[in-house]
2 protein chains.
Amino acid sequence: MAVQNGKAQSPATLMDVAREANVSIATASRVLNGSTRKVRNQSYVKVMEAATKLNYRPNAYAQAVAKGTAPSIVLLVSDISDPYFAAVSQGVVRAAAERGISVTIGVAATPHEELEAVRKAVATRPRGIIVSESEYLDAPERPELESELKQYEASGGRAVFVLNRNLPFPAVDVANDVGARAVAKLIVDSGYSRPVILKGDDAHRSSQERLAGVMDVLDAAGVAVDPKAVANGKFSRTEGYAAIMRMGRSGLLSPGEGALYDGRGVDSVIALNDVMAIGAMTALRANGLEPGKDVGVTGFGDIPYSADVYPPLTTVHLPLAEMGQAAVDSVLGKRDEGDDDRLIYVQSAPDVVLRGSLPRR
Amino acid sequence: MAVQNGKAQSPATLMDVAREANVSIATASRVLNGSTRKVRNQSYVKVMEAATKLNYRPNAYAQAVAKGTAPSIVLLVSDISDPYFAAVSQGVVRAAAERGISVTIGVAATPHEELEAVRKAVATRPRGIIVSESEYLDAPERPELESELKQYEASGGRAVFVLNRNLPFPAVDVANDVGARAVAKLIVDSGYSRPVILKGDDAHRSSQERLAGVMDVLDAAGVAVDPKAVANGKFSRTEGYAAIMRMGRSGLLSPGEGALYDGRGVDSVIALNDVMAIGAMTALRANGLEPGKDVGVTGFGDIPYSADVYPPLTTVHLPLAEMGQAAVDSVLGKRDEGDDDRLIYVQSAPDVVLRGSLPRR
DNA sequence: CTGTTAGCGCGTTCAA
DNA sequence: TTGAACGCGCTAACAG
């Protein structure tokens, strides 16, 4: 049916279709949506015809209200344009789409925004809420966040975190320590001994685990890491860049008076996150140090494009999209008792991808 | 209020709150949402207390049904993990959040998926639908897509495209030709004369415009582009990479028998899109050609990280996030008559960002 | 198989 | 100011 006139014209409702097809609204509902259709072929056809004629589109909200729940999940990230979150989101959206459920994305860059986002999310009574957010774990809003989510679970919802086990909810995770040990071993085996370590916030669980793994191996190998060589920062390109620049300004990097490691300077950068590694590489160049030549660099995560920087980044591969998928599975799956702290490992032995940024020396 | 027991317990409704506060459900509604609250302070307090005590969260769907519309918009992209779409999405989500409206993201990688996504989107009666998708413009589904969207508009909805003016809907756009001319001029002025051009699909409007702009300037400068030097492909990292690899395999790139430009080989790659440029750089290296040294490279878009590849990419800056924002403005703004083909320019004179990938030669 | 009817949770007249 | 009542569009018993 063509548009009648210029004025806004409300979409056809189920009732309109039923009337047009000369059947009850219930019958119309059955053919247009109903699980086990048990309608006579004749009325089925009539309804379908009426529906297409009227260009009927079900009102998802009305359906949601009537059913008490909606075929949707909400995904909270701190920054979609971060390749890491983008990759996870990709997995989430795709897995959700396969099951016919849509995902609403919310960005929450601060603890406050995150709490607000969760409240709004709960208001839509989704099947599940996926929090792919990992920072600000020690924020004052945390208890509120937790209680909000617990309430949500109590009402039948499902919450899951991605790469964050600080809160008592199921979490999709990977064996950070294993991956960390692998890179550290590679660093040592490749002949590096004066690393800078770029880590995340102390409250950041994944960062902690990665750091522990790295330190473990380094210690065992007799590599003493200078405390000043360990830099804090959020997991972002900018902070990775900034950390190296700071060190550069302080003369810590290149051989010389006051440089790290007894004035010998650093020979490698172990970033506990890919974007930090990428930022670091650019910063190294700004300090006259060629990544992959003067200084070896490793990342963690294997985001897309980590293979496209130059030299290509040697990093720990994490199945980002699969993690998003696992989160959807978790949220949509049936729940067991005592699942609260359940860990969903999608990768128990992350491999390190060898690329050009860490040649033997 | 704490969770009572282990069983799923439905969230408090407005009625629960009203009862708890000893007021009518209407009054409760007024204080909890109402535009111009005209309730006695006393009942206001009572309701608020009851609400917090019961941990009331409005049911967004019920509100949507009652009001006939929901404070949401849907955003369709073909791939969130593509930095370009990610950046645009970032702008969309942020702008929407500022106005308290949430965005549902849908990925549609094929024309068929896109149509389905639009149908699903319409079902949620959102304030607007933003299509940040630009490929498959000549798909058979296109008429259906158009009519679906027209229907949606007829019922009061608002559709807007981003960087795609092929369909009769408002579109956020930039002056592709101006930007293209700028890069081409830079190419010429920098001493390059044997370019490879990596363009998008022929039906891709932006690609067309960029190509036209580039060719224009090249022609005027007397640079004859070898037809075999122009490669088609989707705007993706992979296809940029593949195109160069293909040329490499055919011996077109490096000087020698059968190479482009009378056997002299190419001296530059003009990619009409950043991700293609990035893929191309990696492919060039695979062919023994050092980007920014043996071959100059330019992109288009200035996605994040285009500054972090090496050498940093010289490219045309597009205000990606602002484009997303403009799309939101368009969808949420008041509509005028004859807006159908309205163009919303967010950038009428894109600048080229000079970086290391295109040194003078 | 099909139609009636009662909700779902909330916004919103319309009286009081 | 407040409350009762109706309606939004649809699903889900419950009768026919």
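Each chain gets a letter, A, B and so on, in the order the sequences are listed, and its residues count up from 1. Small disclaimer: the values here were computed from a predicted structure and weren't measured.
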Hey, can you pull the donor-acceptor pairs under 3.5 Å for the side chains in residues 66-76 of chain B, sequence neighbours left out?
from     : atom 1 : to       : atom 2 : distance (Å)
Ser72(B) : OG     : Tyr61(A) : OH     : 3.4

Indicate whether OP1 or OP2 belonging to [N] is found under 4.0 Å from a side-chain N or O atom of [X].
{"X": "Tyr56(B)", "N": "dC10(C)", "value": "yes"}
{"X": "Ser43(A)", "N": "dT2(C)", "value": "yes"}
{"X": "Ser24(A)", "N": "dT2(C)", "value": "no"}
{"X": "Thr27(A)", "N": "dG3(C)", "value": "yes"}
{"X": "Arg30(A)", "N": "dT2(C)", "value": "no"}
{"X": "Tyr61(A)", "N": "dT11(D)", "value": "no"}

Which one, [options], comes nearest to the side chain of [X]?
{"X": "Lys67(A)", "options": "dC8(D), dA12(D), dC10(D)", "result": "dA12(D)"}
{"X": "Arg40(B)", "options": "dC10(C), dT2(D), dG3(C)", "result": "dT2(D)"}
{"X": "Val23(A)", "options": "dG3(C), dC10(D), dG11(C)", "result": "dG3(C)"}
{"X": "Leu14(A)", "options": "dT4(C), dT11(D), dG11(C)", "result": "dT11(D)"}
{"X": "Val65(A)", "options": "dT12(C), dT4(C), dC8(C)", "result": "dC8(C)"}
{"X": "Asn59(A)", "options": "dG3(C), dC10(D), dT1(D)", "result": "dC10(D)"}

- Hey, what bend do you get for the helix from dC1(C)-dG16(D) to dA16(C)-dT1(D) if you fit axes on five pairs at each end, rounded to 10°? 40°
Could you tell me how far apart [X] ([atom1]) and [N] ([atom2]) are, to the nearest whole angstrom?
{"X": "Ile25(A)", "N": "dT5(C)", "atom1": "CD1", "atom2": "C1'", "result": "11 Å"}
{"X": "Met15(B)", "N": "dG7(C)", "atom1": "CE", "atom2": "P", "result": "11 Å"}
{"X": "Arg19(A)", "N": "dG9(D)", "atom1": "CZ", "atom2": "P", "result": "11 Å"}
{"X": "Arg57(B)", "N": "dC8(C)", "atom1": "CZ", "atom2": "P", "result": "21 Å"}

Salt bridge check: are [X] and [Y] linked by an N-O gap of less than 4.0 Å?
{"X": "Glu144(B)", "Y": "Arg119(B)", "result": "yes"}
{"X": "Arg158(B)", "Y": "Glu153(B)", "result": "no"}
{"X": "Asp329(B)", "Y": "Arg99(B)", "result": "yes"}
{"X": "Glu148(B)", "Y": "Arg57(A)", "result": "yes"}

- Item | Given DNA chain D, 5'-ward residue of the pair Gln63(A) and Ala62(B), judged by closest heavy atom | Ala62(B)
- Is it true that a side-chain atom of Lys120(B) and a backbone atom of Gly100(A) form a donor plus acceptor pair closer than 3.5 Å? yes
- Task: Could you list the residues that satisfy side chain to side chain contact (heavy atoms under 4.5 Å, CB included) with Ala327(A), not counting sequence neighbours?
- Result: Ile130(A), Val160(A), Val162(A), Val172(A)
